[in-house]
Asks: 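Submitted below is the structure of interest, expressed as structure tokens.
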Amino acid sequence: MKRLLIFDTTLRDGEQSPGYGMTSEQKLQLARQLEALGVDIIEAGFPAASPADAAGVQTIAREVRGATIATLARCTENDIEASAKSLEKAARSRIHLFLSTSDLHLEHKLGIDRQTALDRIARATKLACRYCDEVEFSPEDATRTDIDFLLACAQAAVDEGARVINLPDTVGYSTPPEYRALFESIRLRLSGVERVILSAHCHNDLGMAVANSLAAVEGGAEQVECTINGIGERAGNASLEEIVMALHVRAGLLPYETGVVTQLLYPTSQMLSALTGVGVQPNKAVVGRNAFAHEAGVHQHGIMKDRRTYEIMTPESVGAPPMRLVLGRHSGRHAVALRLADLGYTISGTVLNLVYDRFLRACESGKSLTDDDLVLLAQDNPPTSSKPPYELSLVQASAGTVRPATATVRITRDGETYVACALGDGPVDAVCTCIDSITGHPARVVGYDLRAISEGRDAEGEVSLRVVVDDRPFSGRAVGTDIVEASARAYLSAVNKCLATMGEGVKPPQVPAVALRAQKAPLGAQP
Ligand code: KIV
Ligand code: ZN
């Protein structure tokens with residue numbers, strides 16, 4: 001197998017795209033993770049862009065010793081010197097020079113002619129070679145550059161000492177056969193090519209970045225430039241995890257190995273999301289939440305018999321959590337029975353038919369059912385159609401720098417109204433304490449997630465929480481622009497599910513559950 005070099009540009013091409021900015025500490029944390037992941041080259045930034053960028057690269061160059069550290073530089077003295085300074089402490093350093101070469105860019109972006117471009121490339125490469133272990137040159141917009149001029153540019157860089165020639169598909173315009181042919185042609189015509197590594201760098205404007213990168217490898221590229229989660233300018237760069245897993249899964253067709261520890265792909269993707277606050281699209285290949293989830297009935301049936309029926313790689317192989325069977329309207333009877341058996345409810349025959357019919361009805365709105373909902377069905381308690389025991393009618397909380405927070409909650413049940421007031425360590429704690437004191441069934445919150453589902457500071461927040469009551473887990477979810485109120489509704493919905501499993505006889509206790517922290521008073525119909 002041939003060795004393919006993985007050049008990660010998450011911290012440069014990825015980080016420069018909107019929404020992905022990171023602090024120097026965050027960049028260092030990700031760089032350490034990329035080193036553990038086993039990438040060969042980390043492009044750590046663009047030092048001439050800002051003093052913060054330069055400082056970030058400097059720290060990474062000093063701390064991360066297991067990969068070559070690369071920096072981006074235009075073909076100017078100033079950029080090259082800024083790069084050189086940032087890379088001084090690197091164990092192995094690379095300056096990545098670039099200059100636009102397409103006529104479109106030469107005329108409209110740089111305002112220079114072809115000869116001037118050639119002179120700049122030669123001069124910059126010569127200078128950069130003095131300052132680092134290796135120089136890479138990228139003719140920007142290579143795929144829209146006249147091929148003879150592209151060759152002349154690459155030759156100018158190689159003749160002055162560049163050891164890596166990258167041919168970027170800057171605007172994601174190329175197709176796999178075309179991009180492969182470009183590499184075959186340059187490999188054939190570039191003199192001194194045996195001393196040179198050809199590299200692919202693809203953008204995803206037409207969704208072909210990974211396909212183009214793999215085509216380039218087949219055409220002779222020995223390095224691919226890519227990013228975690230495929231982040232990058234506009235539609236992003238080629239996704240590292242997709243390239244690596246394509247090589248892994250299709251090793252027979254693509255006999256190239258990388259140094260990447262595939263089990264760290266998912267944790268690295270998660271780390272990037274956590275650092276930037278930008279989640280991964282659920283259906284993203286390899287690392288998306290749904291990449292190993294199966295909902296369709298026939299798929300679930302097959303997967304349960306033999307995972308290979310619908311799984312070309314295991315979640316374990318990329319370090320993702322074990323496969324999820326999502327129960328929704330496409331799930332078959334068999335999958336529902338098996339999931340219930342896993343949850344401790346063995347049903348079959350007519351009972352299974354009844355539960356399955358109700359399961360399908362509950363899914364009619366297009367929702368997927370949680371384990372708790374399924375348990376309720378099996379216990380003959382429909383999950384959502386019946387009226388919940390308790391209904392929230394008012395939440396008022398006050399919180400700020402003066403502690404503790406206070407809350408008042410009003411809840412109705414069977415025509416009676418209950419009010420509780422409580423103090424808490426923050427408003428969410430205070431409202432939950434009010435609810436506990438009214439229902440008399442204190443729940444322990446074991447998971448709480450808050451996610452903005454729209455933009456802006458008035459975004460709708462989705463609260464999803466998991467609680468445990470008497471060792472049994474229940475979940476609740478609510479959405480609202482007031483996240484304290486949404487938290488109260490999510491909490492009460494989880495408690496309602498618990499109470500529904502206990503049957504109709506459950507009534508609020510006469511004595512407040514948390515008497516010292518809350519007071520409860522039935523108020524009739526009084527607001
Ligand atoms: O897409 C591109 O052309 C680049 C170069 C700077 C390599 O990112
Ligand atoms: Zn790029």
Side-chain angles (χ1 to χ4, degrees), residues 5-18 20 39 41-50 53 57 68-76 79-80 82-83 94-106 108-110 117 120-121 124-125 128 132 134-145 149-150 153-154 157 162-174 178-179 182-183 186 196-213 216 221-240 242-243:
L5 296 172
I6 299 291
F7 178 114
D8 180 278
T9 182
T10 309
L11 291 167
R12 198 277 298 170
D13 220 345
E15 204 260 350
Q16 77 189 35
S17 60
Y20 289 99
V39 309
I41 302 108
I42 296 172
E43 188 166 44
F46 185 9
S50 71
D53 237 85
V57 174
T68 297
I69 306 300
T71 54
L72 188 69
R74 285 165 295 199
C75 288
T76 66
D79 275 31
I80 294 167
S83 272
R94 178 184 295 188
I95 295 180
H96 177 190
L97 296 171
F98 75 103
L99 187 88
S100 286
T101 53
S102 65
D103 287 336
L104 194 67
H105 279 218
L106 288 181
H108 296 287
K109 177 179 148 185
L110 299 178
R120 281 194 194 170
I121 294 166
T125 309
C132 58
E134 57 210 27
V135 170
E136 168 171 335
F137 173 67
S138 286
E140 191 183 354
D141 206 17
T143 51
R144 294 192 299 172
T145 299
F149 182 59
L150 183 69
C153 293
R163 286 296 159 260
V164 183
I165 295 294
N166 183 41
L167 302 176
D169 184 23
T170 304
V171 289
Y173 177 72
S174 208
E178 190 183 34
Y179 200 49
L182 178 67
F183 279 80
I186 296 291
V196 169
I197 290 170
L198 293 184
S199 164
H201 176 114
C202 299
H203 282 266
N204 207 27
D205 299 66
L206 291 173
M208 290 189 281
V210 170
N212 282 339
S213 305
E222 291 167 310
Q223 170 181 291
V224 284
E225 303 195 353
C226 42
T227 58
I228 300 297
N229 295 345
I231 69 168
E233 285 287 350
R234 305 180 308 281
N237 286 61
S239 140
L240 182 149
E242 291 175 25
I243 293 176

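Ligands are counted one by one from 1 in listed order, and the atoms in each one are counted from 1 as well.
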Asks: What atoms of ligand 1 come within less than 4.0 Å of a heavy atom belonging to E140?
Replies: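 So the atoms of ligand 1 that pass are 3 (O).
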
Asks: Within a distance under 4.0 Å of any heavy atom of S138, pick out the atoms of ligand 1 and give their elements.
Replies: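 Result: 7 (C).
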
Asks: In terms of ring plane angle, is the pair F183 and Y179 parallel, tilted or perpendicular, where the classes change at 30° and 60°?
Replies: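 Plane angle over 60°, so perpendicular.
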
Asks: Could you list the atoms of ligand 1 found under 4.0 angstrom from a heavy atom of P168?
Replies: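 Numbered from 1, ligand 1 contributes 2 (C), 3 (O).
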
Asks: Write out the residue and atom name of the closest protein heavy atom to atom 4 (C) of ligand 1, then the distance separating them to 0.1 Å.
Replies: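 Sorting protein heavy atoms by distance from atom 4 (C) of ligand 1 puts H201 NE2, 3.5 Å first.
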
Asks: Output yes when the distance from some N or O of ligand 1 to some N or O of E225 is under 3.5 Å, and no in every other case.
Replies: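 No, E225 has no N/O under 3.5 Å of an N/O on ligand 1.
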
Asks: Quick check: does H96 get an N/O under 3.5 Å from an N/O on ligand 1?
Replies: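 N/O-N/O distance under 3.5 Å: no.
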
Asks: Taking 2.8 Å as the cut-off, does E225 contribute an N, O or S atom near the Zn ion (ligand 2), distance below it?
Replies: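 So E225 does not bind the Zn ion (ligand 2) by this criterion.
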
Asks: Is R94 salt-bridged to E134, going by a charged N under 4.0 Å from an acidic O?
Replies: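 Between E134 and R94 there is a salt bridge, with a charged N closer than 4.0 Å to a carboxylate O.
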
Asks: H203 heavy atoms, cut-off 4.0 Å: which ligand 1 atoms fall inside?
Replies: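 What qualifies from ligand 1 is 1 (O).
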
Asks: Tell me the contacting part of R12 for ligand 1: side chain, backbone, both, or neither, using a 4.0 Å heavy-atom threshold, strictly below.
Replies: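 Under 4.0 Å from ligand 1, R12 contributes side-chain atoms alone.
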
Asks: Which atoms of ligand 1 sit under 4.0 Å from any heavy atom of D13?
Replies: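 Heavy-atom distances to D13 below 4.0 Å select 8 (O).
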
